[in-house]
*Asks:* 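Quick one: the structure is below, questions incoming.
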Amino acid sequence: PHVSLEARKIRFRILNGSNARIYWIGFDDEREFQQIATDGGFLDSPVDTTRVRIAPGERAEIVVDFSDGKDVILKSFPEAGLLETYSSWSAATTNGHFDLLEIRPQPASRNSHVIPKRLNRIARLERGSADVERTMAMGGMVINGKSMNMGRIDERIRLGDTEIWKIRNQTGRMHPFHVHLVQFLILDRNGRKPSAQESGWKDTVLVMPEERIDVIMKFDQHADPDVPYMYHCHILEHEDRGCLLYTSDAADDMQCV
């Protein structure tokens, strides 16, 4: 497919709607662009990059300058490294190496906007502000040893609490972990601060094999046993096989079950 766009800066909103494939997106001429947002909104500042990794359910926004007037192809590149390559291959979800979209710049009717150096001021949740910490151990098609059951609430959370979820991938496959109705901030990946590209609000995070990720979020949306939150792996085949659980909020004190 191809599209004709004005030869200026263009904003793309990218959603990975694939059932399982993880994309490593860039341009065939290796041109640099700026990532400006993640799942939940703007980053604090634009991030200069040539690649965006995006797992099923993840979103990203980028701004690309086409003022040189050259045709260019948005494409999926091979995996970033040996671990990613093996994990994708073993899970039969290979990124592959193929073209996505040809962009054909045309004369621009107006000049590009200037991207601000400051896009947002994220009110960061600090680790010490958490009321509760929970571990989410992903093993095969289960979370914390449980497979999905429509009649069971797996976690009960007090409305208004801030929680840290320690996501632990105990498998040899990648899992994009997704939480409904709330946005979280990544505190660390294997004890290291997240990259600038993952420093914004998110609701989906790709967890590599044997990786440990801590996220922090505030539960300020009411839910109950009749209309609970879901949290699950965003690979369609995995959630269909039971890697999906329920949680609810309430105004009174309730304990984890």
*Asks:* Return the SG to CZ distance between Cys233 and Arg173, rounded to the nearest 0.5 Å.
*Replies:*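 Reported to 0.5 Å precision, the distance equals 10.5 Å.
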*Asks:* Do any N or O atoms from the side chain of Glu210 and from the backbone of Met208 form a donor-acceptor pair under 3.5 angstrom?
*Replies:*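 Answer holds: no.
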*Asks:* Taking side chain as C-beta onward, heavy atoms only, is Arg11 less than 4.5 Å from Glu61?
*Replies:*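 With C-beta onward as the side chain, the pair touches.
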*Asks:* Less than 4.5 Å apart, any side-chain heavy atom of Val52 and any of Ile14?
*Replies:*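 Of all side-chain heavy-atom pairs linking Ile14 with Val52, none is under 4.5 Å.
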*Asks:* Mind listing the closest non-hydrogen atom pair of Met174 and Ile235 along with its distance?
*Replies:*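 So the two residues come closest at O-CD1, 3.6 Å.
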*Asks:* Give me each pair satisfying ring pair (Phe, Tyr, Trp, His ring centres under 6.0 Å) with a member in residues 149-168, each pair once, sequence neighbours excluded.
*Replies:*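 Qualifying pairs, neighbours excluded: Trp165-Phe219, Trp165-Tyr231.
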*Asks:* Using the side chain to side chain contact (heavy atoms under 4.5 Å, CB included) rule, take Asp131 and Glu163 through it: C-alpha gap first, then chi angles, then the decisive distance, then the call.
*Replies:* CA-CA 6 Å; Asp131 300 290; Glu163 297 203 358; 5.7 Å; no
*Asks:* To the closest 0.5 Å, what do you measure between CE (Met141) and CE (Met148)?
*Replies:*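 Met141 CE to Met148 CE: 15.0 Å, rounded to 0.5 Å.
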*Asks:* Using 4.0 Å as the upper bound for N to carboxylate O, is an ion pair formed by Arg59 and Asp203?
*Replies:*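 Salt bridge present between Asp203 and Arg59.
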*Asks:* Checking ring pair (Phe, Tyr, Trp, His ring centres under 6.0 Å) for the pair His180/His232: CA distance, chi angles, key distance, verdict?
*Replies:* CA-CA 9 Å; His180 283 217; His232 57 91; 5.3 Å; yes
*Asks:* Answer whether the closest heavy-atom distance between the side chains of Thr162 and Ile216 falls below 4.5 Å.
*Replies:*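 Yes, side chains in contact.
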*Asks:* Counting C-beta onward and ignoring hydrogens, is there a side-chain heavy-atom pair between Ile36 and Ile62 closer than 4.5 Å?
*Replies:*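 With C-beta onward as the side chain, the pair stays apart.
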*Asks:* Would Val182 end up clustered with Phe184 when hydrophobic side chains under 4.5 Å apart are linked, directly or stepwise?
*Replies:*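 Result: yes, single cluster for both.
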*Asks:* Cluster question for you: counting only ILVMFWY and a side-chain heavy-atom cut-off of under 4.5 Å, with indirect links fine, are Phe12 and Leu119 together?
*Replies:*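 In one cluster: no.
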*Asks:* Cluster question for you: counting only ILVMFWY and a side-chain heavy-atom cut-off of under 4.5 Å, with indirect links fine, are Leu187 and Leu185 together?
*Replies:*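 In one cluster: yes.
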*Asks:* Do Glu239 and Arg241 meet the salt-bridge criterion of a basic N to acidic O distance under 4.0 Å?
*Replies:*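 Here Arg241 does not pair with Glu239 in a salt bridge, since their nearest N and O are not under 4.0 Å apart.
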*Asks:* Are any non-hydrogen side-chain atoms of Val64 and Arg31 less than 4.5 angstrom apart?
*Replies:*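 Yes, at least one pair of side-chain atoms sits under 4.5 Å.
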*Asks:* Evaluate whether atom NZ of Lys166 has more than 12 neighbouring non-hydrogen atoms of other residues, nucleotides or ligands under 6.0 angstrom away.
*Replies:*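 Yes, because the 6.0 Å sphere around NZ of Lys166 holds more than 12 heavy atoms from other groups.
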*Asks:* Is it true that, when you exclude Asn190 itself, more than 12 heavy atoms of the residues, nucleotides or ligands shown sit nearer than 6.0 Å to its CG?
*Replies:*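 Yes, because the 6.0 Å sphere around CG of Asn190 holds more than 12 heavy atoms from other groups.
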*Asks:* Restricting to non-hydrogen atoms, name the atom on Ser147 and the atom on Val142 that form the minimum distance, rounded to 0.1 Å.
*Replies:*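 Distance-wise, the nearest heavy atoms are N-CG1, 4.0 Å.
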*Asks:* Are Asp39 and Trp201 close enough that some pair of their side-chain heavy atoms sits under 4.5 Å apart?
*Replies:*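 No. Closest side-chain heavy atoms not under 4.5 Å.
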*Asks:* Please check if the side chain of Ser112 supplies one atom and the backbone of Lys9 the other of a donor-acceptor pair under 3.5 Å.
*Replies:*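 A pair under 3.5 Å: yes.
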*Asks:* Working to the nearest 0.5 Å, report the span between CG of Asp99 and CG of Asp28.
*Replies:*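 Spacing of CG (Asp99) from CG (Asp28) equals 7.0 Å.
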*Asks:* Measure the CZ-OG distance between Arg8 and Ser109 for me, rounded to the nearest 0.5 Å.
*Replies:*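 Rounded to the nearest 0.5 Å, the CZ-OG separation comes out at 6.0 Å.
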*Asks:* So which heavy atom on Gln183 is nearest to which on Met217, and how close?
*Replies:*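 Looks like O-CB, 3.5 Å.
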*Asks:* Decide if the gap between the ring center of His234 and the ring center of His175 is smaller than 6.0 angstrom.
*Replies:*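 Centroid distance His234-His175: not below 6.0 Å, so no.
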*Asks:* Rounded to the nearest 0.5 Å, what separation is found between the CG atom of Asp29 and the CD1 atom of Ile73?
*Replies:*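 With rounding to 0.5 Å, CG (Asp29) is 9.5 Å from CD1 (Ile73).
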*Asks:* Dump the intermediate steps for salt bridge (Lys or Arg N to Asp or Glu O under 4.0 Å) on Glu198 and Lys193, then the final yes or no.
*Replies:* CA-CA 9 Å; Glu198 287 193 313; Lys193 290 181 64 174; over 6 Å; no
*Asks:* Can you establish whether the number of heavy atoms outside Arg118 located under 6.0 Å from its atom CZ is more than 12?
*Replies:*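 Enclosed.
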*Asks:* Evaluate the criterion side chain to side chain contact (heavy atoms under 4.5 Å, CB included) for residue pair Val132 and Arg134; output intermediate values, then yes/no.
*Replies:* CA-CA 7 Å; Val132 177; Arg134 302 177 194 268; 4.0 Å; yes
*Asks:* Tell me whether Arg212 is salt-bridged to Asp188, with the criterion being a basic N under 4.0 Å from an acidic carboxylate O.
*Replies:*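 Salt bridge between Arg212 and Asp188, a charged N being under 4.0 Å from a carboxylate O: no.
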*Asks:* Do the ring centers of Tyr229 and Tyr246 come within less than 6.0 Å of each other?
*Replies:*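 For Tyr229 and Tyr246, the ring centres are not under 6.0 Å apart.
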*Asks:* Assess the side chains of Asn169 and Glu211: does a donor N or O sit below 3.5 Å from an acceptor N or O?
*Replies:*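 Note: Asn169 and Glu211 side chains miss the donor-acceptor criterion.
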*Asks:* Taking the basic N atoms (NZ, or NE/NH1/NH2) and the acidic carboxylate oxygens, is any pair closer than 4.0 Å for Lys202 and Glu58?
*Replies:*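 A salt bridge links Lys202 with Glu58.
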*Asks:* Is the closest side-chain heavy-atom distance between Thr135 and Arg168 below 4.5 Å?
*Replies:*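 Answer yes - side chains close enough.
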*Asks:* If only atom types and distance count, is the side chain of Asn120 paired as donor or acceptor with the main-chain N or O of Phe42 below 3.5 Å?
*Replies:*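 Here the side-chain-to-backbone pair exists.
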*Asks:* Check the hydrophobic clustering (I, L, V, M, F, W, Y; side-chain heavy atoms under 4.5 Å; chains of links allowed) and say if Leu15 and Ile22 are grouped together.
*Replies:*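 In one cluster: no.
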*Asks:* So, for Cys243 and Gly140, which heavy atoms are closest and what is the spacing to 0.1 Å?
*Replies:*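 What the structure gives for the nearest pair is SG-O, 4.5 Å.
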*Asks:* Thinking salt bridges, do Glu102 and Lys75 make one under a 4.0 Å N-O criterion?
*Replies:*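 Not counted as a salt bridge, because no side-chain N and carboxylate O are separated by less than 4.0 Å.
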*Asks:* Under 4.5 Å between side-chain heavy atoms, counting indirect links through other Ile/Leu/Val/Met/Phe/Trp/Tyr residues: same cluster for Ile157 and Leu125 or not?
*Replies:*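 No, Ile157 and Leu125 fall in different hydrophobic clusters.
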*Asks:* For the residue pair Phe33 and Asp48, establish whether any side-chain heavy-atom pair is separated by less than 4.5 Å.
*Replies:*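 The answer is no, as the side chains (C-beta and beyond) never meet within the 4.5 Å cut-off.
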*Asks:* Please lay out, stage by stage, how Ile25 and Leu74 fare under the test side chain to side chain contact (heavy atoms under 4.5 Å, CB included).
*Replies:* CA-CA 7 Å; Ile25 289 175; Leu74 179 71; 3.4 Å; yes
*Asks:* Testing the basics here: between Pro209 and Gly172, what is the closest heavy-atom pair and its distance to 0.1 Å?
*Replies:*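 Taking Pro209 first and Gly172 second, the nearest heavy atoms are CG-O, 3.5 Å.
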*Asks:* Which pairs count as ring pair (Phe, Tyr, Trp, His ring centres under 6.0 Å) when at least one residue sits in residues 102-132, sequence neighbours excluded?
*Replies:*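 Residue pairs passing ring pair (Phe, Tyr, Trp, His ring centres under 6.0 Å), neighbours aside: none found.
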*Asks:* In plain terms, say whether Arg124 and Asp44 are close enough for a salt bridge, that is, a side-chain N and a carboxylate O under 4.0 Å apart.
*Replies:*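 Here Arg124 pairs with Asp44 in a salt bridge, since their nearest N and O are under 4.0 Å apart.
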*Asks:* Run His2 and Ile103 through side chain to side chain contact (heavy atoms under 4.5 Å, CB included) and show every step you take.
*Replies:* CA-CA 6 Å; His2 60 84; Ile103 296 157; over 6 Å; no
*Asks:* Decide, yes or no, whether a salt bridge links Arg189 with Asp214 under the criterion of side-chain N to carboxylate O below 4.0 Å.
*Replies:*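 Salt bridge flag = no for Asp214 with Arg189.
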*Asks:* Kindly give the heavy-atom pair with the smallest separation between Ala196 and Leu43, and that separation in Å.
*Replies:*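 Where Ala196 meets Leu43 most closely, the heavy atoms are O-CD2, 3.7 Å.
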*Asks:* Working to the nearest 0.5 angstrom, can you tell me the gap between Ser248 OG and Glu155 CD?
*Replies:*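 Ser248 atom OG to Glu155 atom CD measures 10.0 Å (nearest 0.5 Å).
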*Asks:* Tell me whether Lys70 forms a cation-pi arrangement with Phe66, defined as NZ or CZ under 6.0 Å from the six-membered ring centre and within 45 degrees of its axis.
*Replies:*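 No, cation not above the ring by the 6.0 Å, 45° rule.
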*Asks:* Using only atom types and a distance under 3.5 Å, with no angle test, would you say the side chain of Asn144 pairs donor to acceptor with the backbone of Ala137?
*Replies:*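 Side chain of Asn144 to backbone of Ala137: a pair is present.
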